[in-house]
Protein chains: 4
Amino acid sequence: MRSARAEIGDASAREARVKGQRNAEQTQDAIFAAALAEFTGKGLDGARVDRIAARAGANKRMIYHYFGGKEDLFLAVLERTYTAIRSAERKLHLEDLDPVAAMRELVAFSFDYFERNPHFIKLLNNENLHGARHVRSSGEIRDMHSPLVSMIAGILERGRKSGAFRADVDPIQLYISIAALGYFYFSNAATLSAIFGRDLLDRQAVEQRRRHAIDVILSYLRP
Amino acid sequence: MRSARAEIGDASAREARVKGQRNAEQTQDAIFAAALAEFTGKGLDGARVDRIAARAGANKRMIYHYFGGKEDLFLAVLERTYTAIRSAERKLHLEDLDPVAAMRELVAFSFDYFERNPHFIKLLNNENLHGARHVRSSGEIRDMHSPLVSMIAGILERGRKSGAFRADVDPIQLYISIAALGYFYFSNAATLSAIFGRDLLDRQAVEQRRRHAIDVILSYLRP
Amino acid sequence: MRSARAEIGDASAREARVKGQRNAEQTQDAIFAAALAEFTGKGLDGARVDRIAARAGANKRMIYHYFGGKEDLFLAVLERTYTAIRSAERKLHLEDLDPVAAMRELVAFSFDYFERNPHFIKLLNNENLHGARHVRSSGEIRDMHSPLVSMIAGILERGRKSGAFRADVDPIQLYISIAALGYFYFSNAATLSAIFGRDLLDRQAVEQRRRHAIDVILSYLRP
Amino acid sequence: MRSARAEIGDASAREARVKGQRNAEQTQDAIFAAALAEFTGKGLDGARVDRIAARAGANKRMIYHYFGGKEDLFLAVLERTYTAIRSAERKLHLEDLDPVAAMRELVAFSFDYFERNPHFIKLLNNENLHGARHVRSSGEIRDMHSPLVSMIAGILERGRKSGAFRADVDPIQLYISIAALGYFYFSNAATLSAIFGRDLLDRQAVEQRRRHAIDVILSYLRP
DNA sequence: CATGAATGAGGTTTCATTCAT
DNA sequence: GATGAATGAAACCTCATTCAT
């Protein structure tokens with residue numbers, strides 16, 4: 001789980017690029033890492049190509065050379081972000097756990113992923129602001145269904161049979177709810193923190209929220 | 001140009017214009033409405049002052065005259081948006097309902113509010129992208145605590161006493177979860193729809209989600 | 001005839017624009033004059049928006065405000081150029097002259113117009129380099145048929161009847177030939193001068209060419 | 001990449017490549033052909049070095065290696081273009097024809113050359129747009145006088161003696177007029193076609209124009 | 001001989017904002 | 001109170017050219 005970050009390539013841009021060296025892959029990676037940071041921090045419209053190039057220690061021209069343009073770069077970042085979460089999801093193996101433990105793991109995984117990958121949330125919010133324009137244009141992303149839905153369906157079925165879970169649960173609705181409980185918390189942590197007057201991202205608050213999310217889902221599933 | 005407004009202005013607006021008198025207020029309102037639409041549709045960075053002025057049928061200079069600048073205009077929109085939801089929340093009167101019915105009403109209200117006010121979600125996401133910069137700078141917003149939290153606390157207390165609800169529920173966590181179940185659904189409807197290949201915003205899907213959200217919260221509260 | 005230049009507005013850009021004054025029409029005119037000079041001197045691709053703005057003493061932004069963009073500005077210049085020549089052509093009144101004198105005037109007019117409006121030739125050559133893209137996109141230009149064709153037809157008819165001209169002459173071919181004899185000379189003066197080693201644009205050479213062009217056309221028309 | 005050329009290279013090219021030996025010449029030729037096409041299609045300013053390299057299937061660096069730069073490449077193309085027409089002109093042998101037939105052949109040759117070598121016209125127009133800068137800098141081109149002028153002088157002299165032609169014709173003026181009648185037609189075919197609303201380059205129109213050009217010159221020469 | 005990566009200058013265009021009336 | 005013209009900074013992007021291998 002801890003490896004989730006590394007998959008996106010968060011090696012700092014500067015680190016990735018030894019100055020003056022000529023290496024296409026390195027340059028691309030550096031641009032990519034810089035773009036991820038910039039888009040995450042400022043959004044698509046707020047991001048600046050100049051800043052991405054500077055962060056990457058690369059020439060601006062290279063962005064256009066390798067990625068085509070700002071919008072394409074954003075799409076590339078988005079695609080890699082989706083690839084990363086799907087890959088992390090696929091690494092979950094819950095078959096050996098009893099349904100309750102499995103569900104607990106799954107909710108915890110989802111929650112932890114959002115905590116550790118704040119860029120995922122920022123990028124997705126941005127994409128939704130733009131009406132999912134890029135996702136819709138990317139067959140690659142559209143075809144990347146989350147394995148979580150069928151995992152959930154499997155766990156629900158096992159739980160139903162063992163009598164641990166109620167019988168009338170829709171896996172897709174549950175999938176969305178599991179995501180919602182964590183995603184919304186991190187997505188809106190800044191405004192919520194401002195309004196509640198305390199930092200929702202401190203260790204204790206996050207831990208409390210994590211327990212709550214698991215609690216909500218498991219309570220809901222009780223027969 | 002002078003006729004542009006008149007064509008748009010409705011009867012009451014025309015009525016109100018007693019020879020240049022309430023013109024100012026009208027202009028402000030028009031700018032405001034235009035800004036809300038623009039910020040909602042494009043985000044703070046994607047919004048264009050020119051377009052806001054054009055939409056408002058007003059001179060660009062007026063935006064600076066009345067609001068100070070783009071950023072201030074955004075803050076004004078945000079403040080009014082928060083004011084509106086708090087006001088709507090205060091109109092909820094659940095004291096006469098039994099705890100279960102009251103909670104059901106409250107969850108439904110929250111869900112419906114998000115459905116009917118998509119701009120609220122867009123603006124909040126934008127504000128969070130920018131680290132709640134404007135909310136933090138606005139004492140007005142920071143002081144607008146949601147009455148829902150104490151409402152929830154009250155309902156929980158009544159439910160605990162009547163044995164309808166479990167005893168160990170944190171009102172703030174519940175408040176966040178109630179919001180999450182609806183907010184996330186509408187906030188991410190575009191990407192989720194693209195990925196699931198069906199429109200999550202059609203009447204039937206929304207209705208199903210609404211029932212599910214209520215179900216999750218009430219099931220969670222069972223003792 | 002001498003007024004041909006003025007119609008295009010060759011008042012120098014600087015002259016047209018008193019610094020610091022706010023006058024939309026003046027600014028537009030200044031931009032226009034600057035654009036004409038720039039496009040004439042460098043061609044569409046060689047022209048620089050920066051230089052046009054500087055020549056006009058205007059802010060670059062104004063070009064986009066008033067004309068839309070470089071390409072649109074080129075089209076505007078082209079349209080005005082066509083308008084100017086058509087207008088000049090319409091001022092020709094040859095009805096009172098006998099056919100031979102009328103034709104002589106017409107050939108001389110054409111020749112002189114090319115001499116006095118070198119920008120016309122430059123712009124047309126540029127437009128032809130681009131496959132007449134702008135002309136084809138401009139209904140305005142496409143509809144501006146030259147009145148010369150019907151003038152020529154009329155003179156030919158009168159000459160045929162009086163026995164001054166041969167009978168089998170196609171007015172359109174003749175129109176093209178009249179244009180060709182002058183246009184080509186001025187269009188290609190630079191290369192021809194370089195190759196012949198003498199300046200084809202000096203007064204004497206031009207005068208000689210003018211007589212020759214008239215001679216060719218009138219000799220051709222002899223019965 | 002290595003295979004890109006091979007796919008294009010025809011049999012003879014492949015034959016000639018005796019293990020890297022005549023590779024150089026091949027590359028140069030490919031660049032040359034690509035440059036001709038690019039300059040013809042887009043003009044000097046509109047031409048892109050990248051595109052030339054791509055069209056040639058060559059590395060961009062080779063352009064600088066073999067030709068020095070974009071401008072030098074243009075000059076090289078121009079020189080070869082002039083060389084070609086002079087060479088074609090020298091192949092004309094009109095001594096055995098009577099003056100009228102000889103002149104007819106010469107006009108036809110000129111007309112046909114323009115029709116068959118549209119790039120010649122494009123390049124020359126471009127060169128004139130730039131004030132014949134390259135021609136003037138190229139001694140090679142400046143020294144390439146057209147043999148047509150002296151051919152014309154010869155034919156005129158023979159015609160004068162035989163009584164077939166008038167006596168007062170300037171060979172240079174006639175040379176320019178012969179060129180003009182064809183050159184202008186093809187040079188401005190795009191705009192003329194757009195304005196007349198019919199394709200001046202279709203077979204029939206070209207044939208009609210060809211006859212007209214010959215007619216004009218021969219009629220002019222009648223004593 | 002040949003390559004693909006890299007660059008800096010400069011291209012067109014757009015922005016939020018201010019000025020003059 | 002209101003307007004439309006004007007602006008400078010900066011945005012995205014492209015260019016001919018050179019570098020390292």
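All of these numbers come straight from a predicted model, not from anything done at the bench. Numbers restart at 1 for each chain; the letters A, B, ... are given by sequence-line order, proteins then strands.
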Between [N] atom [atom2] and [X] atom [atom1], what is the distance in whole Å?
X	N	atom1	atom2	answer
A:I63	F:dT14	CD1	P	13 Å
C:F74	E:dT13	CZ	P	14 Å
D:Y64	E:dA2	OH	C1'	16 Å
B:L73	E:dT17	CG	P	10 Å
B:I52	E:dC15	CD1	P	12 Å
C:M62	E:dT14	CE	C1'	12 Å
D:F67	E:dA2	CZ	P	12 Å
C:Y66	E:dT13	OH	P	18 Å

At under 4.0 Å between heavy atoms, what does D:A47 touch on the DNA or RNA strands: base, sugar-phosphate, or nothing? sugar-phosphate
Relative to the ring of B:F67, is the ring of B:F32 parallel (under 30°), tilted (30 to 60°) or perpendicular (over 60°)? tilted
Between the protein and nucleotides 8-10 of chain E, which nitrogen or oxygen pairs are less than 3.5 angstrom apart?
{"unit_1": "E:dG8", "atom_1": "N7", "unit_2": "A:N59", "atom_2": "ND2", "d": "3.1"}

Just how far is it from atom CG of A:L73 to atom CG of A:L44, taken to the nearest 0.5 Å? 9.5 Å
What is the distance from atom NE2 of B:H65 to atom CD1 of B:I63, rounded to the nearest 0.5 Å? 12.5 Å
Among E:dA5, F:dA2, F:dC12, the one nearest A:K70 by side-chain distance: F:dC12
Taking only the side-chain heavy atoms of A:H65 (C-beta and beyond), determine which of E:dA5, F:dA5, F:dA2 contains the nearest atom. E:dA5
Are a donor atom and an acceptor atom from the side chains of C:D45 and C:H130 found within less than 3.5 Å of each other? yes
Can you see whether D:H134 engages D:E79 through a side-chain donor-acceptor pair at a distance of less than 3.5 angstrom? no
Any D:L36 side-chain heavy atom under 4.5 Å of D:L123 side chain: yes
5'-most by nearest nucleotide on DNA chain E - B:L44 or C:D45: C:D45
Range-with-range stems for DNA chain F, at least three Watson-Crick or G-U pairs under 3.5 Å: E:2-21 with F:2-21
Side chain A:K122, main chain B:N128, donor-acceptor under 3.5 Å: yes
If I compare all heavy atoms of A:A58 with all of A:I31, which pair ends up nearest, and what's the gap? CB-CG1, 4.2 Å
Using a cut-off of strictly less than 4.0 Å, decide whether C:T27 has a side-chain nitrogen or oxygen near OP1 or OP2 of F:dA5. no
5'-most contact on DNA chain F (nearest-nucleotide basis), A:G69 vs D:V49, goes to A:G69
Please say which of C:R55, C:K70, C:R48 ends up in a side-chain hydrogen bond (donor to acceptor under 3.5 Å, both in side chains) with C:E38. C:R55
